[in-house]
Amino acid sequence: APAPAPDMEAVTQALKNTLAVGAPGAMVRITGSGAPLTSAVGVQDRTTGAAMDVNGRFRIGSVTKTFSSVVLLQLVDEGKISLDAPVNQYLPGLLPDDRITVRHLMTHRSGLSDYTNAMFDKTVPGFEAVRNKVFTYQELVALSLREPRTTEPGVSYQYSNTNFVVVGMLIEKATGHGVAKEYEKRIIKPLKLKNTSYVHPSTEIKGAHLHGYLHPDEAGAPLVDSTEQTVSWAQSAGAMISNTADLNTFTSALLGGRLLKPRTLDAMLTMTPTDAANSRFYGLGLRRYDLSCGTSVYGHTGTVQGFYTYAFTTRDGKRSLAAVANTSNKGAANTALGGTLEGAFCGKKTP
Ligand SMILES: C[C@@H](NC(=O)[C@@H](C)NC(=O)CCCC[C@H](NC(=O)C[NH3+])C(=O)[O-])C(=O)O
């Protein structure tokens with residue numbers, strides 16, 4: 001049966017809820033039900049008061065991990081990388097354990113600790129300390145290896161940015177190019193993503209864009225404009241810039257089978273549970289959420305200073321949602337923004 005029309009009233013209410021708990025602005029773009037549906041509330045610039053512009057660019061955080069995953073899986077399709085080979089086979093001596101495979105990285109089951117936990121333990125000082133810094137991949141991996149591993153390889157899901165920093169290193173080693181060139185060649189150009197870019201280590205968001213506002217840890221302290229930063233602390237794990245239309249196009253093309261061979265897409269969507277309740281799942285560089293109406297949606301969330309993002313689509317890629325709030329370090333806002341998925345994919349709640 002065709003999916004029910006999105007419940008835009010419920011979606012807009014979720015955006016209003018997001019503002020009520022501290023986001024300056026929030027917006028959503030939904031495709032797959034006739035013309036694209038958009039809704040926007042609040043402001044993208046607290047200084048000028050400019051309203052949220054649905055075409056505005058923003059930092060997508062870990063949605064970048066799905067772009068990196070697509071590039072790596074295309075290299076698997078081309079026989080250049082094997083998912084079950086040890087990472088050290090391609091990057092000799094990088095990791096202290098030859099048992100860690102490429103698949104362990106992509107499923108967050110490598111046990112490599114996430115250096116961002118310590119880096120951002122104090123939110124604003126941590127951010128200010130790195131916002132203009134440029135790290136090498138090796139420096140980020142070294143930060144991780146100073147900390148104990150979080151699991152034996154393959155045993156349990158432990159989310160870690162380090163995994164997709166190493167994925168970036170694998171892409172560079174296998175292609176001889178920086179990840180920016182590979183994103184451009186394999187995804188951005190073929191899909192004509194005019195508002196998507198990887199400009200590390202530039203700190204600016206070129207063109208029309210949202211300002212992002214970071215909540216300090218201290219209640220009531222003023223928001224910090226965190227728009228300008230290198231995002232060098234994340235790179236292939238979180239430094240991409242895009243907009244809602246391009247994210248709709250990307251997730252629809254991915255699940256619609258335009259970027260990977262069917263068996264590789266199937267491997268990407270082979271999910272393992274991330275929680276004891278078996279309610280949340282992770283595949284190779286993307287998440288699956290099972291919604292109340294029985295619809296499963298696939299994509300990724302993103303959290304980078306000043307921006308929360310959701311980019312999800314149905315299994316056939318026919319209906320996609322991209323939602324953003326220009327704030328972060330405010331979990332209630334992230335949860336409220338996630339509330340757009342139900343209205344977008346399940347339609348009106350039957351009374
Ligand atoms: C969760 C999300 N992950 C990502 O998008 C990656 C790139 N972001 C992070 O690991 C969060 C870094 C700290 C953000 C900061 N928090 C703090 O500083 C907390 N002390 C903030 O909220 O801006 C995902 O995979 O879905």
Side-chain angles (χ1 to χ4, degrees), residues 18 21-24 58-69 105-108 112-131 133 135 140 143-144 150 157-168 179 198 200 210-219 221 223-242 247 251 274-275 280-289 297-312 322-335 337-338 341:
T18 306
V21 289
F58 52 91
R59 299 187 189 282
I60 65 174
S62 284
V63 179
T64 307
K65 290 181 172 73
T66 307
F67 281 81
S68 299
S69 188
L105 301 176
M106 310 272 283
T107 54
H108 291 297
L112 295 172
S113 84
D114 189 341
Y115 54 84
T116 67
N117 295 324
M119 185 181 277
F120 299 122
D121 179 47
K122 291 182 178 48
T123 301
V124 172
F127 170 63
E128 295 294 359
V130 301
R131 71 182 297 177
K133 256 189 140 175
F135 294 95
L140 297 176
L143 288 176
S144 169
T150 58
Y157 170 91
Q158 304 287 334
Y159 181 90
S160 174
N161 287 296
T162 312
N163 291 318
F164 279 82
V165 167
V166 179
V167 165
V179 290
Y198 184 88
H200 174 269
L210 319 185
H211 280 246
Y213 298 96
L214 177 61
H215 277 272
D217 295 328
E218 301 73 19
L223 295 182
V224 172
D225 185 329
S226 55
T227 312
E228 309 281 307
Q229 69 154 309
T230 60
V231 203
S232 198
W233 58 268
Q235 294 184 56
S236 47
M240 204 157 236
I241 289 162
S242 189
L247 290 180
T251 57
T274 66
D275 60 345
R280 293 287 167 94
F281 299 87
Y282 205 89
L284 299 178
L286 89 173
R287 300 179 186 284
R288 187 188 93 206
Y289 286 172
V297 291
Y298 301 81
H300 219 291
T301 44
T303 300
V304 58
Q305 286 82 2
F307 301 99
Y308 285 132
T309 304
Y310 286 78
F312 284 84
V324 61
N326 58 346
T327 198
S328 71
N329 197 37
K330 181 57 77 176
N334 195 16
T335 305
L337 186 66
L341 274 69

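These numbers come from a predicted model, not from an experiment. Remember, it's 1-based here, ligands and their atoms both numbered in the order they're listed. Atoms considered below: every heavy atom in the structure, side chains included; atoms not considered: hydrogens, waters and symmetry mates.
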Please confirm whether A234 comes under 4.0 Å of ligand 1, counting heavy atoms of the residue only. no
What do you reckon, does R287 put a non-hydrogen atom under 4.0 Å from ligand 1? yes
4.5 Å side-chain heavy-atom contact, [X] and [Y]:
X    : Y    : answer
H215 : T327 : yes
V304 : Q229 : yes
L112 : L105 : yes
Y115 : V165 : yes
N329 : D217 : yes
L284 : T107 : yes

Taking 4.0 Å as the limit for heavy-atom contacts, which would you say applies to [X] with ligand 1: side chain only, backbone only, both, or neither?
X    : value
T64  : neither
N161 : side chain
K122 : neither
S62  : both
F164 : neither
S226 : neither

Is the backbone of [Y] close enough, under 3.5 Å, to the side chain of [X] for a donor and an acceptor to pair up by distance?
X    : Y    : value
Y282 : M106 : no
T18  : L337 : yes
T274 : R280 : yes
S62  : G238 : no
R59  : A239 : no

S226 and R131 side chains, donor-acceptor separation under 3.5 Å: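 No - no donor-acceptor pair under 3.5 Å links their side chains.
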What is the closest protein heavy atom to [atom], and at what distance does it sit?
atom                    : answer
atom 15 (C) of ligand 1 : Q305 NE2, 4.3 Å
atom 21 (C) of ligand 1 : S328 OG, 3.4 Å
atom 16 (N) of ligand 1 : N329 OD1, 4.3 Å
atom 17 (C) of ligand 1 : T123 OG1, 3.7 Å
atom 12 (C) of ligand 1 : W233 CH2, 3.7 Å
atom 25 (O) of ligand 1 : Y159 OH, 2.5 Å
atom 11 (C) of ligand 1 : T303 O, 3.8 Å
atom 13 (C) of ligand 1 : F120 CD1, 3.7 Å

Could you list the atoms of ligand 1 found under 4.0 angstrom from a heavy atom of [X]?
X    : result
G302 : 5 (O)
A237 : 7 (C)
L214 : 23 (O)

Do Y308 and ligand 1 have an N or O pair less than 3.5 Å apart?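 Between Y308 and ligand 1 (N or O atoms, distance only) the closest approach is not under 3.5 Å.
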Could an N or O of ligand 1 be found under 3.5 Å from any N or O of G306, whether backbone or side chain?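 No, G306 has no N/O under 3.5 Å of an N/O on ligand 1.
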Reference residue F312; test side chain to side chain contact (heavy atoms under 4.5 Å, CB included); the match among R287, R288, H300: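 Only one of R287, R288, H300 forms a side chain to side chain contact (heavy atoms under 4.5 Å, CB included) with F312, namely R287.
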